[in-house]
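Whatever order the structure lists ligands and atoms in, that order sets their numbers, starting from 1. The model shown is predicted, which means the values in this text are computed figures rather than measured ones.
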Amino acid sequence: MKCINRVKKVAAVHDISCMGRVSLTVVIPILSTMGFQVCPLPTAVLSNHTQYPSFSFLDLTDEMPRIIEQWKELDVQFDAFYTGYLGSPDQVHIVSAFINGFRTDASLVVIDPVLGDNGKLYANFDMEMVKEMQQFIAHADVITPNLTELFYLLDLPYKEQLSDEELKKYLKQLSDRGPEIVIITSVPVIDDPRVTAVYAYNREGDKYWKITCSYLPAHYPGTGDTFTSVITGALLQGDSLPVALDRAAQFILQGIRATFGYEYDNREGILLEKVLHNLDMPIQSNSYELI
Ligand code: PXL
């Protein structure tokens, strides 16, 4: 009998940063709370994420093929693959082969092309990594670049003042490279610093979506990982794309609001533990629009 997972399994390819809520320390609790089994394929172990001034870094590139080999022996079937922070170009090759070796027609492949933020690459990354990521996204069903990553993926200079028409053009250009769904996060809204927008395109149906979120003026690392984790869980549970977008935006907003009032080191990320249970709540925001 064909193996059917009683609880859907997600292979989560991210680092583990031991301080500051990003990557696996965000992905695992969110997807577990949404009812999925997370099987981590860790890319690196860091003392803390790279937005702190210094960090230790244990590269797990050599260990990853050993883990994948054992999973082959066990004949594990994954329902979804969700990749985030990859430590080096070699890791991109390993993960491409892993996904292509394990995926089926039914599996969902979500690639968050983690490269940078605020117009700059993260520490550790260079143009070689950008080139690898440009190739890698062709394997995805869904990609979730932020604005910085969008421009690196398209080899264009970073800018923040963008019209809906420009963003629709960029969404389509990225989708033409492979992914059926493209979601661009953290897009500033012209003339309104209090809101941030998310734009999305679904090639099935050829529809463009926009949601605006009234985020508080604070930056917390890991919100991208939080957003894409909720999107992955929502799509896996059968939500439509606009409902998945609303669910993710509502959750981030709740997380930021739960955190903002404290005098607190923002580098630790949103106080996720205070809002995780909200993932069971129905969606209250209804901000999506067709553009
Ligand atoms: O959230 C993205 C991320 C993931 N992993 C590491 C990071 C960052 C962002 O700073 O440094 C190690």
Side-chain angles (χ1 to χ4, degrees), residues 10-31 38 40-61 63-64 81-92 94-95 110-126 129-130 132-133 136-137 140 142-153 158 183-186 196 198 215 218-233 248-249 251-252 255-256 259 264-273 275-276:
V10 182
V13 191
H14 301 254
D15 70 280
I16 178 148
S17 287
C18 305
M19 188 58 64
R21 295 174 184 81
V22 302
S23 48
L24 282 176
T25 63
V26 168
V27 174
I28 296 173
I30 291 176
L31 284 169
V38 180
L41 177 55
T43 58
V45 182
L46 292 83
S47 52
N48 45 266
H49 62 65
T50 62
Q51 295 181 48
Y52 287 93
S54 67
F55 51 88
S56 70
F57 188 99
L58 173 65
D59 185 333
L60 294 179
T61 306
E63 190 62 20
M64 292 169 70
F81 302 84
Y82 166 25
T83 78
Y85 185 97
L86 301 177
S88 64
D90 280 350
Q91 286 192 359
V92 181
I94 293 169
V95 179
V110 179
I111 294 181
D112 186 3
V114 175
L115 288 170
D117 206 357
N118 301 310
K120 292 202 284 289
L121 292 178
Y122 290 132
N124 267 19
F125 288 161
D126 56 18
M129 191 63 183
V130 174
E132 290 296 339
M133 202 54 91
F136 185 47
I137 58 166
V142 181
I143 59 169
T144 58
N146 61 29
L147 201 56
T148 303
E149 291 153 352
L150 163 85
F151 287 117
Y152 274 108
L153 290 174
Y158 180 73
I183 303 171
I184 307 173
T185 60
S186 37
T196 307
V198 174
Y215 290 157
H219 170 78
Y220 299 98
T223 47
D225 297 328
T226 303
F227 186 88
T228 306
S229 299
V230 179
I231 292 284
T232 302
F251 184 67
I252 302 262
I256 294 177
T259 314
Y264 171 77
D265 183 349
N266 287 5
R267 295 177 302 186
E268 284 200 36
I270 57 170
L271 296 171
L272 185 65
E273 301 76 10
V275 289
L276 264 184

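- You'll find the side chain of Leu147 reaches within 4.5 Å of the side chain of Tyr158, heavy atoms only.
- Judged as a side chain to side chain donor-acceptor pair (under 3.5 Å), and not counting sequence neighbours, Thr226 has no contacts.
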Just list the N/O pairs, ligand 1 to protein, that are under 3.5 Å apart, with the distance for each.
| from | atom 1 | to | atom 2 | distance (Å) |
| --- | --- | --- | --- | --- |
| ligand 1 | 1 (O) | Asp225 | OD2 | 2.7 |
| ligand 1 | 5 (N) | Asp15 | OD1 | 2.7 |
| ligand 1 | 10 (O) | Gln51 | NE2 | 2.8 |
| ligand 1 | 11 (O) | Thr50 | N | 2.8 |
| ligand 1 | 11 (O) | Thr50 | OG1 | 2.6 |

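- In terms of the side chain to side chain donor-acceptor pair (under 3.5 Å) criterion, Glu268 has no residue partners (sequence neighbours excluded).
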Quick one: side chains of residues 112-126, donor-acceptor pairs under 3.5 Å with protein atoms, not counting sequence neighbours, listed by atom name and distance.
| from | atom 1 | to | atom 2 | distance (Å) |
| --- | --- | --- | --- | --- |
| Asp112 | OD1 | Thr144 | OG1 | 3.2 |
| Asp126 | OD1 | Glu128 | N | 3.1 |
| Asp126 | OD1 | Met129 | N | 3.2 |

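- Side chain to side chain, Ser186 and Asn146 fail the donor-acceptor criterion of an N or O pair below 3.5 Å.
- Side-chain contact between Glu149 and Thr185: absent, with no pair of heavy atoms (C-beta onward) separated by less than 4.5 Å.
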